[in-house]
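In the text below, chain A, chain B and the rest are named by the order of the sequence lines, each starting its count at 1.
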2 protein chains.
Amino acid sequence: MLTPERHQTILKLLQDKKTVKMKELVEAANASESTIRRDLSYLEEQRKLRRVHGGASIKSAASEELSLQEKKTVHLAEKQAIAKYAASLVRDGDSIFLDAGSTTYEMIPYLSQKNVLVVTNGLSLLETLTGYDIETYVVGGRIKRKTRAVIGAHAVESLKHYRFDKSFLGINGVHPKEGFTTPDPEEAVVKKTALQLSGETFILADSSKFNEITFAKVADIREAGIISDAPDDILPIFKELTEVKVVTP
Amino acid sequence: MLTPERHQTILKLLQDKKTVKMKELVEAANASESTIRRDLSYLEEQRKLRRVHGGASIKSAASEELSLQEKKTVHLAEKQAIAKYAASLVRDGDSIFLDAGSTTYEMIPYLSQKNVLVVTNGLSLLETLTGYDIETYVVGGRIKRKTRAVIGAHAVESLKHYRFDKSFLGINGVHPKEGFTTPDPEEAVVKKTALQLSGETFILADSSKFNEITFAKVADIREAGIISDAPDDILPIFKELTEVKVVTP
DNA sequence: TTGTTTTTGATTGATTTTGATTGAAAAATG
DNA sequence: CATTTTTCAATCAAAATCAATCAAAAACAA
């Protein structure tokens, strides 16, 4: 059996069963354990599957539609590392903007000891912010159900009531030429406005966001700092353009 | 059984049963207690579940809801009767303002069949409004922790982006001479602004609110209709001043 | 053919996972 | 509130699995 055929066999079996044991693969592909191991390593490298002790499992993103709760736990350790560093930049007395998103959400516990004023467009953050007794302002405007973010023209107007020492934004795409991008233009304009109202802006981006381009542009790379867990090989080009802080989970 | 499969089994079982005992998990996953314990620790770390003595339970978005729910059950029948009638006043295509509060909250289910646009300063209402797929706008501004309402000067500014066919306000005091009053001036000014931006305004007031006076004035009695479950003996004087609808639970 | 490169499968020592055991901690009981 | 029972976390040795290595087999090139 040729290598590509073996790979197909493995992926097909995984598709059906969600998780599959080494032994099953050895039989299905009629190859040795060593060979299957090599295949699994390769396919994991290609992001086609996830290796686990004893076999392999499909990537969880493909396995099921993620609930909001689950989305929060994808790359949780990375997000927490990013969030922790981001929060460490906040000084006592700062006014900051926290974008809607799961990484900014993780910043909240680290802010609780500081005397900060937080403005946010993320409804999911409100409960936790007020729970930690942080002085909280919410941006007004239309609610986007899927992301539980406040967006649109009213949100932009509402934001202009404030000025920020620092703002912390989530993002979908980070690209050297196309800058920071996000799929929804109405979200993009909110992020852009927050950036313009801030002394400094930091983009919180896990490694999956780099060299991606999505529909709506928020800003050029030069306009904001980047905090990320991305490995060294993809970062040098960005380091030439702006401040980049790398954190490790 | 591979680790991810075991995790899925555990989560699935939990999804169905809400809480699950150690023994059940051991049997369902066909693994030792130690292994299940390790799985539970991991899944709790991942925030997929909550460990409890003797097993595990689903993350309590449900239990938080409950405590809120409990608060709402004081005079629930009365509130629901008031809310149901209030909602019946809303016409297809209306833009309405819903004040923060438990009675306005009860209006939401009755609004779900109509094509309405809702603006609110009540954070507690947002989840349910968007859950019913109602087009929702949130007022921007400072969050008052105790009542989970958006208040203050920014809220007033933010409100002025909108015009309402009808608005529905909660209140603390209803008095023939002193009008509608509420303890917090910053809440009062938000209610007052909503009233001024509305074609019609309805005050939702259970019987305990009548002939009470609190600190900050919202409006004169003449400026809004009243919907209440109050008994006949205290209402005549108000009926001379404005439209009063009496509902019975 | 002959030499070279690539792929494969077996081996081995290292790593990870697992289940049993233990004393400690928490709930249940009287 | 003391006692009993249950559940828990920590530890450890056994089992399973893994990555690394290397030689044989296969594919390839000259």
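A side-chain contact (heavy atoms from CB on, under 4.5 Å) with A:Y105 is found for one member of A:D99, A:L98, A:T120, A:L125 and no other, namely A:L125. Screening A:I221, A:I237, A:T214, A:I213 against A:H175 for a side-chain contact (heavy atoms from CB on, under 4.5 Å) leaves a single residue, A:I213.
Within 4.0 Å of A:T3, counting heavy atoms only, lie sugar-phosphate atoms of the nucleic acid but no base atom. Using a 4.0 Å heavy-atom distance criterion, A:V52 is classed as a sugar-phosphate-only contact.
Checking side-chain atoms of A:R148 against main-chain N and O of A:S124 turns up no donor-acceptor pair under 3.5 Å. Judged by distance alone, with hydrogens and angles left aside, the side-chain atoms of A:N121 form a donor-acceptor pair with the main-chain N or O of A:A100 at under 3.5 Å. With hydrogens and angles ignored, the 3.5 Å screen pairs a side-chain donor or acceptor of A:T242 with a backbone N or O of A:A224.
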Under the side chain to side chain donor-acceptor pair (under 3.5 Å) rule, what do A:S57 and A:T19 come out as? Steps first, then yes or no, please. CA-CA 4 Å; A:S57 101; A:T19 82; over 6 Å; no

Determine, step by step, whether A:K191 and A:T182 satisfy the side chain to side chain donor-acceptor pair (under 3.5 Å) criterion, reporting the C-alpha distance in whole Å, the side-chain angles of both residues, the deciding distance to 0.1 Å, and the verdict. CA-CA 9 Å; A:K191 291 177 202 285; A:T182 198; 4.6 Å; no

Intermediate values then yes/no, side-chain contact (heavy atoms from CB on, under 4.5 Å), B:L13 and B:I10: CA-CA 5 Å; B:L13 205 61; B:I10 292 170; 5.9 Å; no

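With axes fitted over five pairs at each extremity, the angle between the ends of the helix from C:dT1-D:dA30 to C:dG30-D:dC1 is 40° (10° resolution).
A:Y162 and B:H154 have perpendicular rings, their planes meeting at more than 60° on a 0 to 90° scale where under 30° would count as parallel.
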Would you mind building the protein contact string for nucleotides 9-16 of chain C? One character per nucleotide, 5' to 3', B for base within reach (heavy atoms under 4.0 Å), S for sugar-phosphate only, - for untouched. BB-----S

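The salt bridge (charged side-chain N to carboxylate O under 4.0 Å, His left out) pairs that include a residue from residues 200-217 of chain A are A:D206-A:K209, A:K217-A:D220, where partners are two or more places apart or lie in different chains. Here salt bridge (charged side-chain N to carboxylate O under 4.0 Å, His left out) pairs that include residues 165-182 of chain A, with residues two or more places apart or in two chains, are A:D94-A:K166.
Side-chain rings of A:F210 and A:F238 approach one another, their centers coming within less than 6.0 Å.
What separates CZ of B:R37 from P of C:dA24 is a distance of 17 Å, to the nearest Å.
Contacts between residues 4-14 of chain A and DNA chain C, counted as heavy-atom distances below 4.0 Å, involve A:R6.
In the 5' to 3' direction, nucleotides of DNA chain D lying under 4.0 Å from heavy atoms of chain A begin and end at D:dT17 to D:dA19.
Residues A:K144 and A:E186 are not paired through a salt bridge, judged by the lack of any N-O separation under 4.0 Å between the basic side chain and the carboxylate.
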